[in-house]
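Counting starts at 1 for both ligands and their atoms, in listed order. Residues: numbered from 1 along the sequence shown.
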Amino acid sequence: MNADRILISGAGPVGYTMALNLARLDIPFTLFEAGDSIFEDPRAGTIHPPTLEMFEDSGVTATALEQGLLVHRYQYRDRKDGIVADFDLGVLKDDTRHPYRLMLEQHRLSHILRDKLKAFSNYEILNAHRVKSIAQDAEGVTATVETPAGDRDFRGTWMIGCDGGRSQVRKSMNVAFDGFTWPERFLVLSTKYDFGQHGYAITNYIADPEEWCALFKVPGPDGRGLWRILFPAGDTTEEELFEEASVQRRIQGFNTKEGDYPIHHRNLYEVHQRVASSYRDGRLLLAGDAAHINNPLGGMGMNFGLHDAFNLADKMGKIWFENGSHDLLDLYDRQRRTVAQEFLQRQTIENKKNIEQKDPLARQAFYDELRAIVADPARLRPYLMRVAMIEGIARSNSIT
Ligand SMILES: Cc1cc2nc3c(=O)[nH]c(=O)nc-3n(C[C@H](O)[C@H](O)[C@H](O)COP(=O)(O)OP(=O)(O)OC[C@H]3O[C@@H](n4cnc5c(N)ncnc54)[C@H](O)[C@@H]3O)c2cc1C
């Protein structure tokens with residue numbers, strides 16, 4: 001493999017999307033992944049309309065639609081009083097070819113992307129290869145990579161860090177990762193118990209001042225449905241949080257039923273709100289969680305990272321084949337970082353504050369606001385354009 005290639009660190013959904021987009025442009029690349037295979041822990045499960053539009057040309061959308069669950073309506077609930085607002089995404093039918101959310105686990109998306117890559121050549125994907133450090137000069141980058149056979153140097157023209165929240169590429173750049181970490185962690189439980197029989201939608205946000213939760217359904221290992229429930233977790237040990245009685249108490253707390261819930265996963269995540277101070281430092285670039293991290297309420301983090309990958313691959317194509325100016329990469333930084341701050345961070349922080357609101361008057365005012373939005377078509381459409389991430393794309397494209 002020659003050095004006239006792009007190096008990508010990290011084969012999560014964003015790294016694979018970057019890889020497929022470069023392969024489709026016929027730009028050679030090497031993708032390094034620290035792990036042996038695609039991680040299957042329960043993280044992103046929601047794909048929003050703009051993402052489905054972006055993946056249409058590669059055929060990813062068609063395959064994802066075959067495997068996932070469509071969400072035409074989602075619910076906002078009060079834990080004690082039930083449904084507050086029922087949002088019909090069909091209102092967006094003139095704004096997108098996909099007026100719905102698609103529930104599909106992120107590891108399934110990564111598998112689809114990896115399969116689509118098989119139609120191309122001129123690239124390599126190296127699992128069990130951890131990028132340790134990167135140096136850059138006027139012509140390119142040198143990555144020192146820990147491989148099963150020992151450390152090895154790889155040469156390329158650019159390095160794109162898609163290596164997640166703890167990105168080694170970001171640490172090799174002269175950038176800060178400012179923001180904050182929430183004091184509580186998020187506990188994710190999954191069960192095959194069918195909440196649909198109690199009137200829940202496929203996606204539900206359930207507000208409560210003491211113990212809010214988000215409940216949604218994904219295809220699950222056999223494709224027949226697995227419900228995930230996300231709770232805030234206080235200052236207790238993982239062992240206590242995962243303990244059977246405690247897990248049952250939490251779920252019974254918002255949906256009482258006879259007998260225990262069968263539990264399939266128990267996972268605990270730290271939650272942060274951070275954005276890199278620049279997505280570019282010379283020949284090093286960032287995309288996805290390496291560039292921005294946020295709480296998962298609203299299902300936006302992965303989608304946002306995938307949008308980064310489309311934006312950046314497009315500009316790389318112009319540089320690679322059309323002698324485009326490297327300034328295009330500064331435009332990538334301006335477009336995507338601005339929207340991460342203005343939109344991704346603001347919206348996800350707001351989502352968390354609303355769902356956990358402790359002040360009864362503020363909570364009531366928020367519920368009244370949601371009911372008023374649903375009742376007024378002139379307000380509902382722009383509201384859904386924002387939460388379905390359509391507004392963010394338009395804003396990003398408007399930055400020059
Ligand atoms: C509970 C939960 C629910 C979520 N739900 C949603 C949702 O519904 N919708 C949504 O859009 N987002 C959601 N998110 C966020 C989403 O999971 C992330 O935004 C997404 O995983 C980011 O993808 P990525 O490819 O940027 O990074 P990652 O998925 O973290 O992948 C990074 C990859 O890089 C590899 N790597 C790391 N360091 C190195 C190195 N030095 N060298 C080589 N490889 C390396 C890792 O092994 C990993 O495979 C959720 C997150 C959580 C925790």
Side-chain angles (χ1 to χ4, degrees), residues 7-19 30-48 50-51 68 71 74 101-107 109-110 113-114 125-134 143-147 154 159-172 182 185-190 203 205 213-214 216-218 228-233 265-272 274 276 286-309 340 344 347-348 351 388-389 392:
L7 307 182
I8 307 171
S9 177
V14 175
Y16 271 124
T17 299
M18 186 64 70
T30 299
L31 171 58
F32 303 104
E33 166 54 44
D36 293 330
S37 56
I38 292 171
F39 289 110
E40 304 222 337
D41 65 323
R43 293 208 274 159
T46 305
I47 305 185
H48 287 285
T51 314
V71 181
Y74 73 92
R101 293 176 173 194
L102 182 72
M103 302 309 293
L104 187 75
E105 297 94 330
Q106 74 177 58
H107 65 264
L109 176 64
S110 292
L113 292 162
R114 199 183 57 182
I125 297 179
L126 302 174
N127 282 335
H129 279 60
R130 175 181 297 278
V131 173
K132 283 176 71 178
S133 61
I134 308 128
T144 303
V145 180
E146 186 183 314
T147 82
F154 290 80
M159 165 62 93
I160 305 177
C162 302
D163 44 358
R166 299 199 173 108
S167 170
Q168 187 56 47
V169 176
R170 191 186 64 240
K171 288 173 189 160
S172 309
W182 294 101
R185 294 153 298 163
F186 282 15
L187 173 68
V188 179
L189 305 173
S190 59
T203 297
Y205 299 102
C213 61
F216 50 95
K217 185 178 178 184
V218 292
R228 285 192 192 161
I229 318 158
L230 188 149
F231 293 99
H265 298 109
R266 298 153 213 244
N267 288 77
L268 193 60
Y269 298 94
E270 280 211 332
V271 196
H272 318 266
R274 293 178 192 277
L286 297 174
D289 273 21
H292 44 75
I293 45 177
N294 55 274
N295 82 69
L297 292 169
M300 294 181 167
M302 176 187 75
N303 283 268
F304 207 89
L306 302 176
H307 303 171
D308 294 344
L344 180 66
Q347 186 67 48
T348 54
N351 290 346
M389 303 183 79

Tell me: protein heavy atom nearest [atom], and distance?
| atom | answer |
| --- | --- |
| atom 34 (O) of ligand 1 | Gly10 CA, 3.2 Å |
| atom 15 (C) of ligand 1 | Met302 N, 3.9 Å |
| atom 26 (O) of ligand 1 | Asp289 N, 2.9 Å |
| atom 37 (C) of ligand 1 | Asp163 O, 3.3 Å |
| atom 29 (O) of ligand 1 | Arg43 NH2, 3.1 Å |
| atom 43 (C) of ligand 1 | Ala34 N, 3.4 Å |
| atom 27 (O) of ligand 1 | Gly164 CA, 3.8 Å |
| atom 17 (O) of ligand 1 | Gln106 OE1, 2.7 Å |

Please work out, at 4.0 Å between heavy atoms, whether the side chain, the backbone, both, or neither of [X] comes within that distance of ligand 1.
| X | answer |
| --- | --- |
| His129 | backbone |
| Glu33 | both |
| Phe186 | neither |
| Cys162 | backbone |

With a cut-off of 4.0 Å, which atoms of ligand 1 are near a heavy atom of [X]?
| X | value |
| --- | --- |
| Phe32 | 43 (C), 44 (N) |
| Val131 | 40 (C), 41 (N), 42 (N), 43 (C) |
| Gly288 | 26 (O) |
| Val14 | 23 (O), 24 (P), 25 (O), 26 (O) |
| Val188 | 1 (C) |
| Met300 | 9 (N), 10 (C), 11 (O) |
| Gly12 | 25 (O), 31 (O), 33 (C), 49 (O) |
| Gln168 | 41 (N) |

Donor-acceptor pair, [X] side chain versus [Y] backbone, under 3.5 Å?
| X | Y | answer |
| --- | --- | --- |
| Arg130 | Glu146 | no |
| Arg43 | His107 | no |
| Arg170 | Gly165 | yes |
| Asp308 | Gly288 | yes |
| Asn303 | His48 | yes |
| Ser167 | Asp163 | no |
| Asn295 | Thr348 | yes |
| Thr17 | Leu306 | no |

Practice task
Determine, considering heavy atoms only, which of Ser37, Pro13, Ala44 sits nearest to atom 6 (C) of ligand 1.
Solution key: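 Checking each option, the heavy atom nearest atom 6 (C) of ligand 1 is found in Ala44.
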Exercise for the section: Mind telling me whether His129 and Phe32 have parallel, tilted or perpendicular rings, with 30° and 60° as the class edges? Expected result: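 Judged by the thresholds at 30° and 60°, the geometry between Phe32 and His129 is parallel.
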Handout entry: side-chain contact (heavy atoms from CB on, under 4.5 Å) assessment of Met159 paired with Phe154
Key = CA-CA 11 Å; Met159 165 62 93; Phe154 290 80; over 6 Å; no
Heteroatom distance test ([X], ligand 1): nitrogen or oxygen, under 3.5 angstrom:
| X | answer |
| --- | --- |
| Pro296 | no |
| Ala290 | no |
| Asn303 | yes |

Problem - Evaluation steps, side-chain hydrogen bond (donor to acceptor under 3.5 Å, both in side chains), between Asp41 and Tyr269 - result: CA-CA 11 Å; Asp41 65 323; Tyr269 298 94; 3.3 Å; yes
Exercise for the section: Can you spot which of Leu126, Ile125, Leu7 makes a side chain to side chain contact (heavy atoms under 4.5 Å, CB included) with Leu31? Expected result: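 That would be Ile125.
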Practice task
Applying side-chain contact (heavy atoms from CB on, under 4.5 Å), run through Val71 and Phe216 and close with a yes or a no.
Solution key: CA-CA 10 Å; Val71 181; Phe216 50 95; over 6 Å; no
Problem - Intermediate values then yes/no, side-chain contact (heavy atoms from CB on, under 4.5 Å), Met300 and Gln347 - result: CA-CA 9 Å; Met300 294 181 167; Gln347 186 67 48; 3.6 Å; yes
